[in-house]
Amino acid sequence: MQDEKRYAVRPKIEEGEALTSYLFRLAEANGTSFLRIIHTINTQDYLKIYSKRYYHVDLIPYRQVDVSLLESLLGMSHDELLSHTYYPAVVKIYDNPLNEIDDISFRLSLLIETKKRKFCRKCLLENRGYKLIWQIKDIEICKIHNIPIESVCNNCGKIQPFTREQMMIPSCVSCAYPLSFGYEDCVVKEVQQQFSMQLKIYEVWERLLRRKGAISSRIDDFNLQQTLALKMLYLSQSQENKYKMSRIKYITKGEIKFLRRLIRGEDSKYHSIIGILIRFLLKSNYSIDEFQTVDVSQEFIQSLFEDQRKTELGPCSTPWCQFKGMTTTMFEYSQYSKASVTHHTSSICTSCFISYGYDKKTGEWSEIGNTINLVSNIIFPLLEVGVSKNKMGQMLAGISIHKINIIIGYMYNQKLIPKDYKFLSNLNLQTEEGLVNKFKILRKHVGGFRYRMVAIANKLFGWSALEFYIYYYTSEVQMYLIHNERKEEKEPRVHKDLDQKLVEYQEICKLEKKTFSSKDFYESYGVSHGVLGYYNLFDEVAAAREKQNEQLKSDEIQFYWSTAREYTEKKLNEEQPFNCESVYAAIGKRRKWLKENCPDFAEWIHQQVGVSKRQQAEIRLHEAKRKIKETIKQLIENDINVSKTNITKYSGINMWGKIELGMYYHSLIENLGEAEYSDAG
């Protein structure tokens, strides 16, 4: 009951208005702030909500909002509250959305504008609410007024952020100019094709957001997402009864692979089912009603599963392998992620360590890569005639020294090359103890990235590239790598302390005075972009970068202060003139940047220029007085009448109208004590 009284004044929520927009108006009506409401309803299940996360309230409110509490505060039913968010679209796609809340939130954020607020100027003139559908990236035109959906102020050109206090009234965050002004000048030209596409986008999204019920009933035992995938594949090849990938339209190869894995119940996180569905409906001529009512034939479904490629392992065909022609040593090894482009069912022989798989084009079992050919037909013949590594690098176009090191390291362990070969004898190779432990250390530093291991091995153990590959292809190391395949390929490597690593990396950037770089962070800690997505840390990275950029800007400004002080002090001590432009040039920044980022600094520079001008005026005055005194002395010595006219003539100093010089002249004349030298004029 207390919750219901907390916000007693409840303005009417507009149809289709975004929840964040309404919360601003609610705050205004009750004399409070949007921020206070957010802090009240924040669940704290995740990190504390801040401005860069406010879009979660519209996107999928369960992520950071106590929905039950918000219902009570607003006096709304559950369904009414959620109808002002994107959640109704989510429940039409996912069976159990709350179990996949992080992934769904990320996928939705790819389709929704979360950094700036979009609006129709004419709609804002008619009512104060910001519509939810305006934030969809593909929505470019208001279908009511046929004018563009915009995000900038017509007066100052500033982009309007997703949330800001000025949302209480539709005005610019920068200059307070009404955002509803200026719509007369931006009427969309009647381009029927463009407008028709926009209407179709509206139709799809309004169906997802406003109409109740799933977009399709489930097929047999398939879940909702699998059902949508089946229908898209079925319709994309014109409802033919046999699945044929070559006949599919409207869907990319990557999306087809994703949909098929989804249908088979295999883990796949590289695409958004929502995004694929929307793109399919826009590209195809199928209406949502047709999509909902179509029946996928059982024959088509059966052909999808029959089309699964064979997964039995083929034999080893390496010429020097003792198990050639046999399958007993073949081990399925999905470590070869790049091999999935050309082969499937990638495997490795645990005797010769050559990888094999089914060629996707021919369907034949064959080697993945070109190691056998390189060994048998290229490197081995050159070694037999005594060609050195460096000479090979010069002779073999397209084969790098690094690749030659790999092949020689492999051949050495397969006993295809004598251990006393001339350029191997110089390596001083010894039996390395604890090789597996050393490779565990290398994996800890860079994961399973072989190329990155080379540099780390050189730093930690002093190995050259060739030594590294000789140790890498030893049987014990290869077996360790094979049977300890990183689970991180399916589940990201354990990064329980990622938040702490972000803080640690910030401190490193601060100490080393370098810019926060996501790429550098990934490489330094072995954290991939996908890992950050898996742990939902993109916001934290963005916040860390923003904080570090603010600190860098502060440090940068302090450096400019120091440089400017040093420059101006030197000029003043040397009594050399300077102006604002010369100070800007000395620090390497323009006046506009300084005025925007540190106006106090710009004002200080202006003041120092004033000091310089006064100093130069004093210097000129002192010099003029010196010349006047010397001229009077010369006039007396040459028996010439001492007068202002003669002083001006012989010294070049004009005293007329200059009070201080005139007073100085008269003081000199008085000190002469001779009446004949008084000023005649």
Side-chain angles (χ1 to χ4, degrees), residues 243-246 252-271 303-379 398-399 403 406-407 409-411 413-414 416 443 447-451 453 469 472-473 475 477-491 528 530:
Y243 170 76
K244 296 178 182 177
M245 182 175 176
S246 61
T252 67
K253 288 183 179 179
E255 291 171 344
I256 293 171
K257 183 177 179 180
F258 167 82
L259 295 176
R260 294 193 64 187
R261 288 179 62 84
L262 186 65
I263 292 168
R264 294 170 180 170
E266 299 172 8
D267 183 39
S268 188
K269 298 181 179 179
Y270 302 106
H271 289 277
S303 69
L304 261 176
F305 287 90
E306 288 175 353
D307 189 62
Q308 292 186 55
R309 297 184 177 99
K310 47 188 175 181
T311 58
E312 65 274 11
L313 304 182
C316 175
S317 58
T318 306
W320 53 86
C321 182
Q322 61 178 320
F323 294 96
K324 179 183 177 183
M326 302 170 64
T327 60
T328 53
T329 55
M330 297 305 299
F331 179 78
E332 190 166 355
Y333 190 46
S334 59
Q335 180 86 3
Y336 294 101
S337 56
K338 290 183 179 179
S340 63
V341 176
T342 57
H343 294 71
H344 68 88
T345 318
S346 58
S347 307
I348 192 168
C349 173
T350 55
S351 174
C352 64
F353 306 112
I354 295 292
S355 55
Y356 290 89
Y358 287 102
D359 189 300
K360 288 188 175 182
K361 291 183 179 179
T362 65
E364 298 296 323
W365 180 261
S366 62
E367 179 195 6
I368 299 173
N370 193 32
T371 301
I372 295 175
N373 177 55
L374 286 173
V375 170
S376 301
N377 302 323
I378 299 176
I379 304 298
I399 301 178
K403 184 65 175 179
I406 294 173
I407 297 300
Y410 172 81
M411 293 174 67
N413 282 283
Q414 290 294 311
L416 299 174
R443 281 166 63 93
F449 300 100
R450 185 179 64 184
Y451 286 95
M453 285 184 184
Y469 284 111
Y472 180 84
Y473 281 109
S475 179
V477 170
Q478 284 294 298
M479 293 302 286
Y480 159 70
L481 294 173
I482 290 171
H483 292 289
N484 290 275
E485 182 180 355
R486 297 195 323 279
K487 293 182 179 179
E488 300 81 10
E489 296 298 326
K490 295 182 179 179
E491 297 178 15
S528 70

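Values in this document were obtained by computation on a predicted structure and should not be read as measured data.
Between R443 and L481, some side-chain heavy-atom pair lies under the 4.5 Å cut-off. Side-chain contact between Y472 and I406 is absent, with no heavy atoms from C-beta onward closer than 4.5 Å. Side-chain atoms of I372 and W320, non-hydrogen and from C-beta on, do get closer than 4.5 Å to each other. Side-chain atoms of I399 and L374, non-hydrogen and from C-beta on, do get closer than 4.5 Å to each other. For the pair C316 and S351, the minimum side-chain heavy-atom distance is 4.5 Å or more.
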- Message: For N413 and Y469: C-alpha separation, side-chain torsions, deciding distance, then whether side chain to side chain contact (heavy atoms under 4.5 Å, CB included) applies.
- Response: CA-CA 10 Å; N413 282 283; Y469 284 111; over 6 Å; no
- Check the pair Y473, Q414 against side chain to side chain contact (heavy atoms under 4.5 Å, CB included), reporting the backbone distance first and the verdict last. CA-CA 9 Å; Y473 281 109; Q414 290 294 311; over 6 Å; no
- Message: Determine whether N373 and E367 satisfy the following criterion, side chain to side chain contact (heavy atoms under 4.5 Å, CB included), listing intermediate values before the conclusion.
- Response: CA-CA 10 Å; N373 177 55; E367 179 195 6; 5.8 Å; no
- Message: Applying side chain to side chain contact (heavy atoms under 4.5 Å, CB included) to T350 and F323, what does each step give before you reach the verdict?
- Response: CA-CA 10 Å; T350 55; F323 294 96; over 6 Å; no
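Ring pair H344/Y358 is parallel by interplanar angle, where below 30° counts as parallel and above 60° as perpendicular.
L313 and M330 get closest at one heavy-atom pair: CD1-O, 3.8 Å. C352 and Y410 make their closest contact through O-OH, 2.6 Å (heavy atoms, listed as atom of the first residue, atom of the second, distance).
S366 pairs by the side-chain hydrogen bond (donor to acceptor under 3.5 Å, both in side chains) definition with H343, not counting sequence neighbours. Legend: residues meeting side-chain hydrogen bond (donor to acceptor under 3.5 Å, both in side chains) with T318, ordered by chain and number and at least two apart, are Y356.
Looking only at distances, a side-chain donor or acceptor of S303 sits under 3.5 Å from a matching main-chain atom of Y243.
Atom-to-atom distance recorded for T371:OG1 and K403:NZ is 5.0 Å, nearest 0.5 angstrom. Interatomic distance, CD1 of I348 versus CE of M479, reported as 9.5 Å (0.5 Å rounding). Taking SG from C349 and CD from Q322, the interatomic distance works out to 8.5 Å, rounded to the nearest 0.5 Å. Put simply, CD1 on I368 and OG on S347 are 7.0 Å apart, with the number rounded to the nearest 0.5 Å.
Between I407 and the choices L416, I378, N370, V375, the side-chain contact (heavy atoms from CB on, under 4.5 Å) rule is met once, by V375.
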